[in-house]
**Q** 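The following block contains the structure, expressed as structure tokens.
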Amino acid sequence: MAGAGLSDLAVAVSEAGGLGSIPCAMLTPEGMRKEIGSFRERTQGPLNVNFFCHPEPAPNPAAEQAWRKRLSVYYVELGLDSNATSAAPPRKPFDMAACEVVEELGPEVASFHFGLPSAELLDGGKRTRAKVLSTATTVEEAKWLEGQGCDAIIAQGLEAGGHRGTFLGSEVWAQVGTFALVPQIADAVQVPVIAAGGIGDARGLVAALALGASAVLMGTAYLFCPESTISPLYRQSLANVPDNGTGLTNVFSGRPARGIVNRIVREVGPISDLAPDFPSAAEAIAPLRAASEARGSDDLMQMWAGQAAPLGRPQRAADFTKRVAREALDLMLVPNLD
Ligand SMILES: Cc1cc2nc3c(=O)[nH]c(=O)nc-3n(C[C@H](O)[C@H](O)[C@H](O)COP(=O)(O)O)c2cc1C
């Protein structure tokens, strides 16, 4: 979860028997080395490193200008310079520099969002014998990923927090929910399926296994853990979000992602034709997010969260991981009918 957790969270999950992930989409190669090094120092557990692999958009000054014009009312309201730029690190696709880090540090698993990197880069990752995972939001995407040699497919349902992993097609309104998606993908591919989206506790885990998944990926539930790096204001909003309090929006990055619906999502989106291509939309909106937060208001903040957020409770990540596994095993115990 780029921007929401680093090695502290990954160590806790892997120590508890899960597969901890270090999100690398917003890290420099140096940052990756530091986080992976910190992980290896603290645990012998397996590590997943996660990357984006989106196409980088060509510069489009006209689109950028129209976007800034749409946002100008908020710049005025917050007293910001209309040309302010983002202080946050940009989202970068997996490239040769990242590939070298993977080759050098040999994580057990490398996972990708928005498809897969080029064959040349992917081969670099595979030389390390890392298992390769990627996200599918449709059966077509799952089959494509299997055809490219993915070792397992993450089936990401509509309920999921964060960006839709969609890379073939762009119909946001046609996105499939986890309950319908997981069995269809499980029927369509031979490799293991990892269910993601709206799984907040042991009940969701057991349901996903019954639907044909071999494992689950939980994101939003871990935001509640003290090891996540989200801000206090984000944490507070997350604790109060109702079942229908999240939505798909492109206003923060240019790609549809599920987050807490707040003022800027309602007023500018949820889906805006003016948002420049991913990830360029983030550049103009980032100063507004930071200024809003500095004023103690979540009105203009980006707060990714999935539909199961109300199931979340603050708990240390290792305790949460073990609890979910234990409760799932209890739920799966079939009573003796004799
Ligand atoms: C705060 C946040 C950040 C995320 N960042 C990433 C990311 O960097 N890479 C990625 O592959 N998926 C990312 N996701 C999506 C998750 O991998 C996963 O699909 C999702 O969290 C599952 O649904 P859930 O949030 O309902 O558990 C993110 C999700 C959240 C909530």
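All figures in this text were calculated on a predicted structure; none of them were measured in a lab.
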**Q** Using the rule that Ile, Leu, Val, Met, Phe, Trp and Tyr join whenever any side-chain heavy atoms are under 4.5 Å apart, tell me whether V189 and V216 fall into a single cluster.
**A**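 Different clusters: V189 never reaches V216 through Ile, Leu, Val, Met, Phe, Trp or Tyr contacts under 4.5 Å.
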
**Q** Taking the side chain as everything from C-beta on, heavy atoms only, tell me whether D298 gets closer than 4.5 Å to Y234.
**A** no

**Q** Honestly curious: do I185 and L217 fall in one hydrophobic cluster under the side-chain, below-4.5 Å linking rule?
**A**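 Different hydrophobic clusters.
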
**Q** Under 3.5 Å, side chain of Q156 to main-chain N/O of T137, donor-acceptor pair present?
**A** no

**Q** Could you check if a side-chain atom of Y222 sits within less than 4.5 angstrom of a side-chain atom of T321, using non-hydrogen atoms only?
**A**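 Sidechains of T321 and Y222: in contact.
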
**Q** Under 3.5 Å, side chain of T246 to main-chain N/O of I260, donor-acceptor pair present?
**A** no

**Q** Is it the case that over 12 heavy atoms from other parts of the model lie below 6.0 angstrom from the OH atom of Y75?
**A**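 Check passes, neighbour count above 12.
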
**Q** Checking E141 side chain against L168 main chain: does a donor-acceptor pair fall under 3.5 Å?
**A**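 Confirmed, E141 side chain pairs with L168 backbone.
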
**Q** Without hydrogens or angle criteria, can the side chains of N50 and S21 be said to hold a donor-acceptor pair below 3.5 Å?
**A** no

**Q** Please table the atom pairs, donor to acceptor, closer than 3.5 Å between any side-chain atom in residues 200-210 and protein atoms at least two apart or in another chain.
**A**
{"residue": "D201", "atom": "OD1", "partner": "R203", "partner atom": "N", "Å": "3.1"}
{"residue": "D201", "atom": "OD1", "partner": "G204", "partner atom": "N", "Å": "3.3"}
{"residue": "D201", "atom": "OD2", "partner": "R203", "partner atom": "NE", "Å": "3.1"}
{"residue": "D201", "atom": "OD2", "partner": "R203", "partner atom": "NH2", "Å": "2.7"}

**Q** Less than 4.5 Å apart, any side-chain heavy atom of Q148 and any of S134?
**A**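 They are not in contact (no side-chain heavy atoms under 4.5 Å apart), so the answer is no.
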
**Q** Given side chains that start at C-beta, do those of F224 and F320 come closer than 4.5 Å, heavy atoms only?
**A** no

**Q** Hey, can you tell me if F52 and F278 have their rings parallel, tilted or perpendicular (30° and 60° cut-offs)?
**A** tilted

**Q** Is it the case that atom CZ in R316 sees more than 12 heavy atoms from other parts of the structure closer than 6.0 Å?
**A**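 Open: at most 12 neighbouring heavy atoms sit under 6.0 Å from CZ of R316.
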
**Q** Any donor and acceptor pair, going by atom type alone, linking the side chain of R33 with main-chain N or O of V101 inside 3.5 Å?
**A** no

**Q** Go through R164 and R255 one step at a time and tell me if the side-chain contact (heavy atoms from CB on, under 4.5 Å) criterion holds.
**A** CA-CA 8 Å; R164 306 296 304 141; R255 260 188 197 258; over 6 Å; no

**Q** Side chain to side chain contact (heavy atoms under 4.5 Å, CB included) with L6: which residues, sequence neighbours excluded?
**A**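 With sequence neighbours excluded, L6 shows a side chain to side chain contact (heavy atoms under 4.5 Å, CB included) to L27, E35, given in chain and number order.
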
**Q** Are the side chains of F112 and L145 in touch, meaning some heavy atoms are under 4.5 Å apart?
**A**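 No, too far: nothing below the 4.5 Å cut-off.
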
**Q** So does Q65 have more than 12 non-hydrogen atoms from other groups sitting under 6.0 Å from CD?
**A**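 It does not: Q65 CD has 12 such atoms or fewer within range.
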
**Q** Tell me, do W304 and M1 make a side-chain contact under 4.5 Å, heavy atoms counted?
**A**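 Side-chain contact under 4.5 Å: no.
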
**Q** For a 4.5 angstrom cut-off between non-hydrogen side-chain atoms, does D243 reach Q307?
**A**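 In short, these two side chains do not touch, never coming nearer than 4.5 Å.
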
**Q** Kindly determine whether S7 and R42 satisfy side chain to side chain donor-acceptor pair (under 3.5 Å), including the steps that lead there.
**A** CA-CA 9 Å; S7 51; R42 291 184 281 163; 3.1 Å; yes

**Q** Do the non-hydrogen side-chain atoms of N60 and D277 ever get within less than 4.5 Å of each other?
**A**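 The answer is no, as the side chains (C-beta and beyond) never meet within the 4.5 Å cut-off.
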
**Q** Tell me, yes or no, whether the heavy-atom count around D330 atom CG, taken from other residues, nucleotides or ligands under 6.0 Å, exceeds 12.
**A**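 Correct, the count exceeds 12.
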
**Q** Would you say the side chains of N48 and S111 form a donor-acceptor pair under 3.5 Å?
**A** yes

